[in-house]
Amino acid sequence: MTEFSNKQIITGNTLLSGEAVFLSGDDTFGPDLFNAQIFTDDVSANHALSQCIERSDEIISPYLVSVDVQNSVIRPQELREQIRTAGPSNYFHGKQTEIR
Amino acid sequence: MSIIVTDNGFSIDDREGSTCSPEALPPSSESQTVCLQSEDDPSVLADSLDRLTLIKVNFSSFSDGRGFTIARQLRSMGYKGRLRATGYIISDQYTMIRRSGFCEVEISNELAERQPQHQWMFRADWQQNDYQRRLGRINFNY
Amino acid sequence: MYQYTNFDRQFIAARNTQFRQQVARRIDGSLTEEEFRPLRLMNGVYLQLHAYMLRVAIPYGTLSSAQMRQLAIIADKWDKGYGHFTTRQNIQFNWPRLIDVPDILDALAEVDLHAIQTSGNTIRNITSDHFAGATSDEVEDPRIISEIIRQWSTDHPEFQFLPRKFKIAVTGCATDRAVIKAHDIGLQATRRDGVIGYQVFVGGGLGRTPVIGKLLCDFLPKQDLLPYLESILSVYNTSGRRDNKYKARIKILVNALGIDNFRDQVEARFSSIRKTFASPDGSFIDNITSQFSPPDFTDRSVSPFEESYQTNPMFKQWVDRNTAQHKHEDYRIVTVSLKEPGQTPGDATSEQMQVLADLAESFSFDELRISHEQNIVLPHVHKADLPLLYNTLKKHRLATANIGLISDIIACPGMDYCSLATARSIPVAKEISTHFDENNMEQDTGEVKIKVSGCINACGHHHVAHIGVLGLNRAGVENYQITLGGDATENTAIGDRAGPGFSQSEVVPAIERILGTYHKLRHDAEESFINTYKRVGITPFKSALYPAAKQSR
């Protein structure tokens, strides 16, 4: 069942590899969407984002992404972010190739 | 206080003091120093070039390249005095600065700490690998 | 083709050393991300959705076999075994890591390639006619001045931080295959009283404000080329808008000033800039010119060709569709389609790149071209070699006989890769090509140019398509607007918007209705889509696209 609330995660790309990554609960950035920390209010999300912006030696241009959570599966609301978290649709490349 | 970068490295500013904008430069003035902003038209200085000994061109941002063309215009107008780039310029632009006709760059202490002398000196070979010069474009080096 | 001198090689080596150091200085904090970003961009490194992207320059679309082989090796070693050829005649690798880019650039330098000025607010890679030096109606091989402009614009000290990017295209003949009037500057070689000079167009461009370039100078003498270009750039650098990136291209400045006022400013600056150029060293220019001399064409019997042409209908169809007249009657210009229906337009696997390199070496004087239509051209193939060439291409899925047809679609990478995109382009292009290939409508429809862009920036050239498709985001859903009647030839025209957009699944049926209308209205099979459209106008196509709207009127 979908929980209707303003849920957000923080994403960015790593400086060295460029891979899309997500902020997790232990304050590290990793490639797995399912580990992403979910923020349920704008204040804490923006606070965490401003801290991530400081980490420019590690992460490029972090930003907030609105997500839906269903049966604890995180799904970005926008198609752009769905593609970014899955991989391109023309080849079986990117994150979709990794076992979840 | 700020730092001056030339082909010889960092030095202190020997021309500290006030400079005026081109509008504030009266025709009869004795002032020898003027500072242009990116939006200024260098041709307003056409009649003053002989007595000016230092022209500064300010870069409000390193990504705004108008100052390069201003320098080039001043040189092609015949200005042979000191031409200094001030404001926000990074060491990676030193080659462009010199080839556009500037002799020196004035940078903040903060930038000098973050981009120390050796990073600027890495580009002191700006006379090398110059495609434009090979095609007949004259460099004005003073 | 142009052979690098020690000067070029030293330049690239120094530049690569600088970039390697810039990456290290970004990591150690000497450069902020804001400072590093334009530096990586001017070396071809973007950040896209999934990864960095490296755009490698293919100057005026010309490649040697050795260069193509190296691109294949790079695709295997640092990417995922393929490359994407673009509408700017470049190649993009979609998956490199930033820390590997300095090594990739060194590998490119081994074959005299680089990624310099393939991005950033600077003069970009010069584009040109992909049939240069092979077509019969040329005033001059456009690669000669393209190379001179490449050298002049490379690392130009004044023009690395322009208000916005700047694109120059060159054609050597009146037939325009380089869409020169959709560029910031378009140059066309022309002859007056037996002397070669250039027509200069300025302020063309696609994007959110499509504009056709305006005539700035009717005849620019050859010796004035560089000072005149420098004058245009100088005025633009001074006066182009920097307050709004959507209004920063030179077309906005030219429109704001008016072409006559703009010309006055350029002429005024030219009078002083001309004096800052010494007369170019004649031998230097002669040397560049001589490097584009025609290859040594051979006289051989064309009978193997004639025989296959008579007996093999598939071969005949491919020859008729994918090869063009060459200036030497025993030769043909071969266009290898990278548009196999259902595949990603412009993509080539490393294996295909290797095969094309081998074929160019054996049959086309070691030369390949990349067309802005995202195909690969073998410019000088003797007719006698065509049967063997065709058979080899066929083995590697490179013999699709569809040049200029429905499935020869231009498509940008779209939202599958691009961080600017608002909708996907590739799946739309794949669906269109698959559908019309399966229903066998292609050959009978003849030439129709379909171009798909995944956002308003129009990298897919949809404005100048006969049928343009523009992908937008409408309330979170992909929506595709259709334009009709654009033209990318010397009769450059911006297409007309047909009406409200379509969902992704409605695009193929919409195009089917457009093409059905064409079949109904054309005089005969000789009247092409674009000519029919020009004759009848948009109204019948609109009625077919929006039947309900027609009824309600």
Side-chain angles (χ1 to χ4, degrees), chain A residues 2 4 6-22 29-33 36 49-68 75-98 100, chain C residues 23 26-29 31-37 40 45-54 79-82 84 94-101 342-345 347 349 411 413-430 454-455 471 473 475-478 504:
Chain A
T2 307
F4 292 98
N6 179 25
K7 295 190 169 60
Q8 297 177 98
I9 59 170
I10 294 176
T11 186
N13 294 71
T14 64
L15 171 65
L16 298 183
S17 75
E19 185 176 7
V21 286
F22 310 95
F29 277 91
D32 300 315
L33 179 63
L49 179 62
S50 64
Q51 288 181 329
C52 292
I53 290 169
E54 298 294 308
R55 294 162 70 170
S56 68
D57 56 340
E58 183 191 352
I59 296 299
I60 317 170
S61 51
Y63 58 96
L64 293 167
V65 171
S66 295
V67 296
D68 294 323
R75 184 180 154 86
Q77 291 175 352
E78 286 182 26
L79 179 63
R80 177 188 195 272
E81 294 304 323
Q82 289 165 17
I83 292 170
R84 201 163 155 273
T85 52
S89 51
N90 63 330
Y91 297 120
F92 188 64
H93 286 160
K95 295 196 187 300
Q96 59 198 328
T97 62
E98 284 146 31
R100 282 153 192 265
Chain C
V23 172
R26 169 68 181 89
I27 293 167
D28 76 18
L31 286 166
T32 65
E33 176 60 20
E34 191 197 10
E35 290 163 351
F36 178 64
R37 191 172 167 275
R40 72 163 152 77
V45 185
Y46 279 75
L47 181 66
Q48 297 289 47
L49 283 187
H50 313 289
Y52 286 103
M53 178 269 277
L54 178 66
D79 210 86
K80 295 188 187 292
Y82 76 104
H84 176 73
N94 284 325
W95 301 92
R97 301 187 306 165
L98 178 65
I99 41 173
D100 292 331
V101 171
Q343 298 299 309
T344 303
D347 278 12
T349 64
M415 207 160 66
D416 282 306
Y417 297 92
C418 178
S419 60
L420 300 174
T422 44
R424 284 173 291 178
S425 308
I426 294 167
V428 174
K430 287 166 76 164
C455 80
N473 174 340
V477 180
E478 290 165 301
Q504 197 189 111

Chain A contact via C/Pro413 - which portion, at a heavy-atom distance below 4.5 Å: neither
Per-residue contact mode, C/Ile426 against chain A (heavy atom under 4.5 angstrom):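 The answer is the side chain of C/Ile426.
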Residue list, side-chain contact (heavy atoms from CB on, under 4.5 Å) with C/Leu420, at least two apart or on another chain: C/Cys418, C/Asn457
Which N or O donor-acceptor pairs, by atom type, sit under 3.5 Å across chain A and chain C?
residue, atom, partner, partner atom, Å
A/Leu15, O, C/Tyr52, OH, 2.6
A/Leu16, O, C/Leu98, N, 3.0
A/Leu16, O, C/Ile99, N, 3.2
A/Ser56, O, C/Arg26, NH1, 3.3
A/Ser56, O, C/Arg26, NH2, 2.5
A/Arg80, NH2, C/Ser419, O, 3.0
A/Arg84, NE, C/Leu49, O, 3.3
A/Ser89, N, C/Asp416, OD1, 2.8
A/Ser89, OG, C/Asp416, OD1, 2.6
A/Ser89, OG, C/Asp416, OD2, 3.1
A/Asn90, OD1, C/Tyr417, OH, 2.7
A/Asn90, ND2, C/Thr344, OG1, 2.9
A/Tyr91, OH, C/Asp347, OD2, 2.5

Side chain, backbone, both or neither of A/Ile83 within contact of chain C (heavy atoms, under 4.5 Å): both
